[in-house]
Trainee: 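After the structure tokens below, expect a handful of questions from me.
Counting begins at 1 with the first residue of the sequence. Counting starts at 1 for both ligands and their atoms, in listed order.
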Amino acid sequence: MTEQDRTPQPDPAADPQDAASPAADSHAADVQDAEAQAAGPGRPAPRSPRFPTDAELMAGPNALEEMEAEALDEDGDGGGRAHDVEDGAADGADDCDEDDAWEPGDWDSTRAPVIVPAVPEGFRAGFACLVGRPNAGKSTLTNAMVGQKVAITSGRPQTTRHNVRGVIHRERAQLVLVDTPGMHRPRTLLGKRLNDLVRETLTEVDVVAFCIPANEKIGPGDRFIARDLADLRRPVVAVVTKADTVSREDLAKQLLAVDALGDWADIVPVSARRGDQVDVLEEVLMGHLPPSPPLYPTGEVTDEPQQVMIGELVREAALEGVRDELPHSLAVVVDELVDPADKETAGFVKGAGRRLQVRVSLYVERDSQKAIVIGRGGARLKEVGVRARQGIEQLLGRKVYLDLHVRTAKDWQSDPKALSKLGF
Ligand SMILES: Nc1nc2c(ncn2[C@@H]2O[C@H](COP(=O)(O)OP(=O)(O)OP(=O)(O)O)[C@@H](O)[C@H]2O)c(=O)[nH]1
């Protein structure tokens, strides 16, 4: 809503006396006389004074506030001026003194400034969420569309554990992509919470992009999600991801299979890795957005807090090369960021020069997993640290000292208390 929408503006085309201006009001008694004369025989008598309705009060500047208290009681009726004047305008407006008649511009001094946002007409903005089973390529596609890394990715399923927003800014539209955790049959409380998060997100966006990999047969996991989407009253675009991994014939077969899976607004094959058709998908999704001014400031590509992104970069580095259950058991918490350049902490920080000191805890579910993450003589953890540090330095644009600790939080994926401590 613009200021203009909120501020009632006088309509220069309308009869000035239609408005309850203070100037007009001071002549209510004259107008009433005029009404009595103009009514004549056989014509309905003028309406008796009454308090103005809400609609009438809202039709001009705050009429009651502007009225002088004594003017209100001048003829003992305690109100009803707005309507008296209105009737007068219909039948005998000329009886008002010329000097006091409303003139366009009379309200200039009380009018709020009109702020017209610099948004082209027809601008569209809104939210699209990417859903699909784990490992379908949602985060990679989000990054490719935004043109910058906003979500971590890995070859391990269920890498994404919270909604990650990436913003695409175009001249005539702004698309906010919401990368969601992979939907799956949950085996833990964490899995259930992640599914619930996706379901809730589905109801809050303007359009849904359902990601199905080109190189995997449509299975129960996809059908499970398709069923959920069928009940959604929102356009759903089916996206066949990883198109670069299959031949043209196999891609055509997958497109047909996806078509048979549900009722889609569109079906778009893409390869995030090669950048194929990413612009087409962007256009299709933007076509489903409502007219709206931009929702995010120009240039902002994500609203992920820096601390969260740092933790995610450490988790991404730690996921590399680990197998079996370990990726699911891994959680990362950024405990502390200490800046030696900050006067408040400068005295307490030892070593590491002027580098930003980042302290991070990696949680696993069992002590045996701790040994795997640390590796022989700490070799693996060192590798994780080097890889994560590079990403963090790139993100922050400054040198970083990264301090990693591995801890055990027994069966945290199924423990409500541990889950909330870890931010789920
Ligand atoms: N060849 C190819 N591989 C891709 C493409 N998109 C994603 N991948 C790979 O597929 C794997 C899973 O990708 P992600 O983007 O992490 O998948 P996701 O759907 O976000 O996974 P979850 O976080 O488990 O929900 C990674 O190894 C990616 O490199 C693509 O267009 N082509």
Trainee: Considering distance alone, does some N or O of Leu141 sit under 3.5 Å from an N or O of ligand 1?
Mentor: no
Trainee: Which option wins on minimum heavy-atom distance to atom 21 (O) of ligand 1: Asn135, Val164, Leu130?
Mentor: Asn135
Trainee: Which pair of heavy atoms, one from Gly132 and one from Ile225, lies closest together, and at what distance?
Mentor: C-CD1, 3.5 Å
Trainee: Is Lys138 close to ligand 1, meaning an N/O of one under 3.5 Å from an N/O of the other?
Mentor: yes
Trainee: With distance as the sole criterion, is a donor-acceptor pair present between the side chains of Asp276 and Ser271 under 3.5 Å?
Mentor: no
Trainee: What's the shortest distance from atom 27 (O) of ligand 1 to any protein heavy atom, and which residue and atom give it?
Mentor: Gly155 CA, 3.4 Å
Trainee: Hey, looking at atom 30 (C) of ligand 1, which of Ile152, Thr140, Leu319, Asp244 has the closest heavy atom?
Mentor: Asp244
Trainee: Give a yes or no on this: more than 12 heavy atoms of other residues, nucleotides or ligands lie within 6.0 Å of atom CD of Glu283.
Mentor: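 Atom CD in Glu283 is not crowded, with 12 or fewer foreign heavy atoms closer than 6.0 Å.
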Trainee: For atom CZ of Arg187, decide whether the heavy atoms of other residues, nucleotides or ligands shown that lie under 6.0 angstrom number more than 12.
Mentor: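 No, because the 6.0 Å sphere around CZ of Arg187 holds 12 heavy atoms or fewer from other groups.
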Trainee: Can you name the atoms of ligand 1, numbered from 1 with element, that are less than 4.0 Å from a heavy atom of Ser271?
Mentor: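 Listed by number with element, the hits are 31 (O).
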Trainee: Out of Met183, Lys242, Gln158, Arg156, whose heavy atom is nearest to atom 5 (C) of ligand 1?
Mentor: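 Nearest option to atom 5 (C) of ligand 1, by heavy atoms: Lys242.
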Trainee: What part of Pro157, side chain, backbone, both or neither, has a heavy atom within less than 4.0 angstrom of ligand 1?
Mentor: backbone
Trainee: Val332 and side chain to side chain contact (heavy atoms under 4.5 Å, CB included): which single residue from Val360, Leu319, Leu313, Leu404 fits?
Mentor: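 For Val332, the side chain to side chain contact (heavy atoms under 4.5 Å, CB included) test succeeds with only one of Val360, Leu319, Leu313, Leu404, which is Val360.
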Trainee: So which heavy atom in the protein is nearest atom 17 (O) of ligand 1, and how far is it from that ligand atom?
Mentor: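 The closest heavy atom on the protein side is Gly137 N, 3.1 Å.
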Trainee: Should the heavy atoms of other residues, nucleotides or ligands under 6.0 Å from CZ of Arg172 be counted, would the total exceed 12?
Mentor: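 Counting neighbours around CZ of Arg172, more than 12 heavy atoms of other residues, nucleotides or ligands fall under 6.0 Å, so yes.
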Trainee: Is there at least one pair of N or O atoms, one from Pro181 and one from ligand 1, spaced under 3.5 Å apart?
Mentor: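 N/O-N/O distance under 3.5 Å: no.
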Trainee: Under 4.0 Å from a heavy atom of Gly182: give me the atoms of ligand 1 that qualify, with their elements.
Mentor: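 So the atoms of ligand 1 that pass are 25 (O).
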Trainee: Below a 4.0 angstrom heavy-atom separation, can you tell me which part of Thr245, side chain or backbone, both or neither, approaches ligand 1?
Mentor: side chain
Trainee: Short list, please: which atoms of ligand 1 are under 4.0 Å from a heavy atom of Thr159?
Mentor: 22 (P), 23 (O), 24 (O)
Trainee: Give me the residue, atom name and distance of the protein heavy atom closest to atom 29 (O) of ligand 1.
Mentor: Arg273 NH2, 2.9 Å
Trainee: Flag yes if more than 12 heavy atoms outside Glu204 fall under 6.0 Å of its CD atom; otherwise flag no.
Mentor: yes
Trainee: Test of understanding: given a 4.0 Å heavy-atom threshold, classify the contact between Ser154 and ligand 1 as side chain, backbone, both, or neither.
Mentor: backbone
Trainee: Do Arg398 and Asp339 meet the salt-bridge criterion of a basic N to acidic O distance under 4.0 Å?
Mentor: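 Looking at Asp339 and Arg398, the cut-off is met.
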Trainee: Which residue owns the protein heavy atom closest to atom 23 (O) of ligand 1, what's the atom, and how far is it?
Mentor: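 Ranking protein heavy atoms by distance from atom 23 (O) of ligand 1, first comes Thr160 N, 2.8 Å.
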Trainee: Going through the checks in order, is the side chain to side chain donor-acceptor pair (under 3.5 Å) test met by Arg165 and Thr302?
Mentor: CA-CA 6 Å; Arg165 276 181 286 271; Thr302 185; over 6 Å; no
Trainee: In terms of atom number and element, which parts of ligand 1 are under 4.0 angstrom from non-hydrogen atoms of Pro134?
Mentor: 24 (O), 25 (O)
Trainee: Salt-bridge test for Arg387 and Glu316: reply yes if a basic N is under 4.0 Å from a carboxylate O, no otherwise.
Mentor: no
Trainee: Is it true that Thr180 and Asn163 share a donor-acceptor pair across their side chains at a distance under 3.5 Å?
Mentor: no
Trainee: For Ala272, counting its heavy atoms only, list the atoms of ligand 1 lying under 4.0 Å from any of them.
Mentor: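 Listed by number with element: 31 (O).
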